[in-house]
Undergrad: 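Structure incoming, see below.
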Amino acid sequence: YPWINFNFHIQDSEKVSNMIMDAEIDFGILLNPKGHHQLEVLAFVEIPIGFVLPKDHPLTKTEKIHLSDTLNDQHLIPSAPLIIQDYVQTLYKHYQLVPQHQLECNDIRMIMSLIQKNLGIGLLSYIDVYPYLERDELCFKPIREKGLYPLTLALCVAPKRQLSCVSQVMIKHLIEQIERFKLKLIDYQ
């Protein structure tokens, strides 16, 4: 689209929601959007949470991993402001587990680098590890525990807003990409 300029803003979901409702932007992609009558979800994908392991880790051969299986491992724990931090802390709290060996980090790339160097395992979302899985560099094992819900990534608009043809084209493209991404997640559901 040679004569079209796109402006991308990286903000937290609350800020993006407000920008959509205030007509500052035409649409937004939100992580875990809160229900709001002034937002309409056009497409969404649920992103599983799981263990990210080095390719040669013994647990990669196990079908299902429980937190208790990882007690001897160094845990690379995401910290604030990462959204995944709340999920990980909730999981540890639910199982009353405090890993003996842990390192907290607020940068996904740093956590991935440490995992690649066999310096620990991480609890992250599939979308965090997706590029590494595409390059076959790491392993992702989803956690299937009661009370642990996936992250939701949603494409949202203001329901009564008239969108330009350009925005409609882009939204159509994003919906197609979200649907393709859902197909990649079938093995992790």
Side-chain angles (χ1 to χ4, degrees), residues 1 6-21 24-53 60 63-65 76-78 80-91 94 106-109 111-112 115 121-161 163 166-189:
Y1 303 104
F6 293 100
N7 295 311
F8 293 93
H9 303 270
I10 308 295
Q11 305 285 343
D12 65 52
S13 289
E14 189 66 31
K15 172 80 172 155
V16 174
S17 296
N18 290 332
M19 291 172 77
I20 294 168
M21 291 183 288
E24 292 176 41
I25 58 176
D26 292 335
F27 58 88
I29 298 174
L30 293 100
L31 190 58
N32 289 344
K34 294 183 173 115
H36 201 287
H37 70 281
Q38 292 180 326
L39 285 180
E40 179 182 353
V41 175
L42 299 179
F44 72 94
V45 60
E46 291 185 334
I47 312 288
I49 296 168
F51 290 100
V52 181
L53 309 160
T60 61
E63 188 173 321
K64 185 175 179 179
I65 302 175
L76 304 169
I77 301 172
L82 299 173
I83 297 281
I84 191 72
Q85 182 254 347
D86 291 335
Y87 284 76
V88 172
Q89 292 303 328
T90 299
L91 188 65
H94 177 76
N106 67 353
D107 185 83
I108 296 293
R109 288 174 300 204
I111 293 171
M112 295 303 180
I115 294 170
I121 63 171
L123 269 171
L124 297 165
S125 75
Y126 179 86
I127 206 161
D128 294 324
V129 74
Y130 177 71
Y132 300 88
L133 296 174
E134 287 291 295
R135 295 188 303 262
D136 199 31
E137 295 174 355
L138 294 172
C139 179
F140 179 80
K141 293 286 192 169
I143 299 174
R144 294 179 178 97
E145 302 285 350
K146 287 184 180 177
L148 183 66
Y149 301 101
L151 296 169
T152 301
L153 194 66
L155 175 62
C156 299
V157 296
K160 294 183 170 115
R161 177 130 185 242
L163 297 173
V166 172
S167 289
Q168 291 176 29
V169 167
M170 189 64 185
I171 287 170
K172 181 178 181 273
H173 176 71
L174 289 170
I175 290 171
E176 290 169 0
Q177 294 304 311
I178 289 170
E179 293 305 316
R180 276 195 204 125
F181 192 68
K182 283 181 183 179
L183 295 175
K184 291 180 183 273
L185 293 171
I186 288 174
D187 294 337
Y188 299 101
Q189 302 297 334

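This is a predicted model, so every value here is computed, not measured.
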Undergrad: Please step through side-chain contact (heavy atoms from CB on, under 4.5 Å) for the pair Glu176 and Glu179, ending with a clear verdict.
TA: CA-CA 5 Å; Glu176 290 169 0; Glu179 293 305 316; 5.8 Å; no

Undergrad: For a quick test of reading the model, state the closest non-hydrogen atom pair linking Leu123 to Val88 and the distance between them.
TA: O-CG2, 3.4 Å

Undergrad: Side chains of Ile84 and Ile49: does their closest heavy-atom pair fall under 4.5 Å?
TA: yes

Undergrad: Quick one, Ile77 and Gln89 - any side-chain contact, counting heavy atoms below 4.5 Å?
TA: yes

Undergrad: Just how far is it from atom CD1 of Ile178 to atom CD1 of Ile29, taken to the nearest 0.5 Å?
TA: 5.5 Å

Undergrad: Taking the side chain as every heavy atom from C-beta outward, state whether Leu53 and Ile65 have any atom pair closer than 4.5 Å.
TA: yes

Undergrad: May I ask you to decide if Thr152's main-chain N or O and Asn32's side chain share a donor-acceptor pair within less than 3.5 Å?
TA: yes

Undergrad: Would you give the length of the straight line joining atom CG of Asp12 to atom CD1 of Ile83, rounded to the nearest 0.5 angstrom?
TA: 7.5 Å

Undergrad: Any chance CZ of Arg109 has more than 12 other-residue heavy atoms, nucleotides or ligands included, within less than 6.0 Å?
TA: no

Undergrad: Test of understanding: with ring-ring contact (aromatic ring centres under 6.0 Å, His included), list the residues that count as partners of Tyr130, not counting sequence neighbours.
TA: Tyr126, Phe181

Undergrad: Given the rule in the salt bridge (Lys or Arg N to Asp or Glu O under 4.0 Å) test, do Glu134 and Lys184 qualify, once you have shown the distances and angles that lead to the verdict?
TA: CA-CA 10 Å; Glu134 287 291 295; Lys184 291 180 183 273; 3.6 Å; yes

Undergrad: Which residues satisfy the side chain to side chain donor-acceptor pair (under 3.5 Å) test with Glu14, sequence neighbours excluded?
TA: none

Undergrad: Quick one: are Leu163 and Phe27 in side-chain contact, heavy atoms under 4.5 Å?
TA: no

Undergrad: Quick one: closest heavy-atom pair of Leu151 and Ser125, and the distance?
TA: CD1-CB, 3.4 Å

Undergrad: Give, for atom OG1 of Thr60 and atom NZ of Lys141, the distance between the pair rounded to the nearest 0.5 Å.
TA: 6.5 Å

Undergrad: On a heavy-atom basis, which atom in Ala154 and which in Val41 lie closest, and how many Å separate them?
TA: CB-CG1, 4.0 Å

Undergrad: Test Met112 against Asp128 for side-chain contact (heavy atoms from CB on, under 4.5 Å), laying out the working first.
TA: CA-CA 9 Å; Met112 295 303 180; Asp128 294 324; 4.1 Å; yes

Undergrad: Side-chain contact test, heavy atoms from C-beta onward, threshold under 4.5 Å: evaluate it for Ile108 versus Val129 and give yes or no.
TA: no

Undergrad: Return the NZ to CD1 distance between Lys182 and Ile47, rounded to the nearest 0.5 Å.
TA: 10.0 Å

Undergrad: Go through Ile111 and Ile115 one step at a time and tell me if the side-chain contact (heavy atoms from CB on, under 4.5 Å) criterion holds.
TA: CA-CA 6 Å; Ile111 293 171; Ile115 294 170; 3.8 Å; yes

Undergrad: Find the distance between CZ (Arg180) and CG (Leu185) and round it off to the nearest 0.5 Å.
TA: 14.5 Å

Undergrad: Any chance CZ of Phe44 has more than 12 other-residue heavy atoms, nucleotides or ligands included, within less than 6.0 Å?
TA: no

Undergrad: Can you tell me how far apart SG (Cys156) and CD (Gln38) are? Round to the nearest 0.5 Å.
TA: 13.0 Å

Undergrad: Heavy atoms only: give me the nearest Ile175-Ala43 pair and the separation to one decimal.
TA: CG1-CB, 3.9 Å

Undergrad: Taking it one step at a time, do Val157 and Ile171 satisfy side-chain contact (heavy atoms from CB on, under 4.5 Å)?
TA: CA-CA 9 Å; Val157 296; Ile171 287 170; 3.9 Å; yes

Undergrad: Verify the neighbour count for atom NZ of Lys172: are there more than 12 heavy atoms of other residues, nucleotides or ligands below 6.0 Å?
TA: no

Undergrad: Flag the pair Leu76 / Ile121 as yes when at least one side-chain heavy-atom distance between them is below 4.5 Å, and no otherwise.
TA: no

Undergrad: If every non-hydrogen atom of Gln85 is compared with every non-hydrogen atom of Pro78, which pair is closest and at what distance?
TA: CG-O, 3.2 Å

Undergrad: Do you know which two heavy atoms are closest between Ser13 and Leu30, and how far apart they sit?
TA: O-CD2, 3.1 Å

